Number of protein chains: 2
Amino acid sequence: MLRISKLTDYATVILASLTAGVLTSAAEIAERTRIGLPTVSKLLKELQHAGLVDSVRGARGGYRLARAPALISAADIIDAVEGPVALTECAGDDGHCGIEATCQVGQRWQQVSLAIRSALAALSLDDLLTRTGQFDPPDLRQASAGTAWRPLVRS
Amino acid sequence: MLRISKLTDYATVILASLTAGVLTSAAEIAERTRIGLPTVSKLLKELQHAGLVDSVRGARGGYRLARAPALISAADIIDAVEGPVALTECAGDDGHCGIEATCQVGQRWQQVSLAIRSALAALSLDDLLTRTGQFDPPDLRQASAGTAWRPLVRS
DNA sequence: CCAATCAGGACTATCTTAGTACTATAAAGG
DNA sequence: CCTTTATAGTACTAAGATAGTCCTGATTGG
Ligand code: FES
Ligand code: FES
């Protein structure tokens, strides 16, 4: 139920393996994380597109975090690898499901989706890495309070 | 990202179409919801297995909610249709991913998963149906506070 | 009996995910 | 400049999950 893809988890592992400010090659990252090089390479390209990492080409090139780990959220990573939020089929920009006319629950799911997204947006790479202590989930109430429902746009 | 399957949404629509205490045939439900009969039938069987609906066989048989809509949660529905929680590949009972040795983030994802699950468990079928007003998401803090992480067992 | 209706499972088509391969481009360094 | 080291872009394939269908058997009401 409700799972993130394996690639998203890999992406997180990859980002976690980067030391802030230090250029690291894809090969080096693959070695450190034990993920296959082609996969690491592909994911890093996607993360670069999303602006989560900077890349430097050429000999002695590599990748580095585009910003501090505290400023990279779980939602950012998921967006980069899996695309934008859409808890339900018909929730996205132009998603339709054929039973919209009779469907009474779609809008609610969307709100739930928003709430979950807020939780993930509040969870930074730093948080994911801290192995000691408890995860203190954000208060989702403020997430949707006062916001009327409207179709999500690409983030 | 992070989507529930179309079938889960259908299941919710189906449950929402049932009037508490009234027996309704699969054919009737299919008609009301505009979902194909074979699909409705299949989903109702799964919901029956999960104990969310009662079934009566034979002529004039049908299905009815096993308990009040307020006592059926979104998490129940997702569990029934998609199986148990596992936000990450290696989070489940015996899931392994080959990079566990080097992975530093798996446990955190699992905590996030628990938090999301708590939110879904607090959302009843009644809530999903209420079209007016705001969804007031539950406070996820209490969800994981004080609970040390341990492998999830099937609910 | 007969018709309606659920139970169980097998089966197929389609889509998504995961992983691979190949070519092009850019920079470093002798 | 030319070679080496690296990323960029893209296309492809295999495997798996999802969505949907169909059939055969069991149960009940009339
Ligand atoms: S299932 Fe599509 S609008 Fe609800
Ligand atoms: S990816 Fe498997 S333990 Fe983290």
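Letters A, B, ... are given to chains in the order of the sequence lines, protein chains preceding strands, and every chain is numbered from 1. In this text the structure is predicted, and so the values were computed from the model without any measurement.
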Atom CD of Q48(A) to atom C1' of dA8(D): distance rounded to whole Å? 8 Å

Looking at every strand, decide which applies to A26(A) at a 4.0 Å heavy-atom threshold: base, sugar-phosphate, or nothing. sugar-phosphate

Distance check needed: dT16(C) C1' versus I4(B) CD1, whole Å only. 17 Å

Just wondering, do R64(A) and T24(A) contact through their side chains at under 4.5 Å, heavy atoms? no

Please state whether the phosphate of dG20(D), meaning OP1 or OP2, lies under 4.0 angstrom from any side-chain nitrogen or oxygen of Y10(B). yes

Would you tell me if any nitrogen or oxygen in the side chain of S55(B) comes within less than 4.0 Å of OP1 or OP2 on dA7(C)? yes

Salt bridge check, D9(A) against R3(A): does any charged N sit closer than 4.0 Å to a carboxylate O? no

Are OP1 or OP2 of dA19(D) and a side-chain N or O of S5(B) less than 4.0 angstrom apart? yes

From CD of E31(B) over to C1' of dA4(C), roughly how many Å is that when rounded to an integer? 16 Å

Find which nucleotide of DNA chain C each of L7(A) and R60(A) is nearest to by heavy atoms, and output the residue with the more 5' nucleotide. L7(A)

Quick one: does V53(A)'s side chain get under 4.5 Å of L15(A)'s, heavy atoms only? yes

Minimum-distance nucleotide (side-chain atoms of Y63(B) versus dC6(C), dG20(D), dA8(D)): dC6(C)

Looking at D79(A) and R117(A), is there a salt bridge between them, counting it only when a charged N and a carboxylate O are closer than 4.0 Å? yes

Can you check the H49(A) NE2 to dT7(D) P distance for me, whole Å? 15 Å

Residue pair R32(A), E28(A): steps toward the salt bridge (charged side-chain N to carboxylate O under 4.0 Å, His left out) verdict: CA-CA 6 Å; R32(A) 290 216 286 246; E28(A) 167 77 20; 3.1 Å; yes

Can you measure R64(A) atom CZ to dT7(D) atom C1' for me and round it to whole angstrom units? 13 Å

Rounding to an integer number of Å, can you tell me how far R57(B) CZ sits from dA4(C) C1'? 13 Å

How close or far is atom P of dT13(D) from atom NZ of K42(A), stated in whole angstroms? 14 Å

Is G61(B) touching bases, backbone alone, or none of the nucleic acid, heavy atoms closer than 4.0 Å? sugar-phosphate

Distance check needed: dA18(C) P versus I14(A) CD1, whole Å only. 13 Å

Nearest to the A59(A) side chain among dT10(D), dA4(C), dT4(D), which nucleotide is it? dT4(D)

Nearest-nucleotide pick for S25(A), side chain only, options being dG19(C), dG8(C), dT7(D): dT7(D)

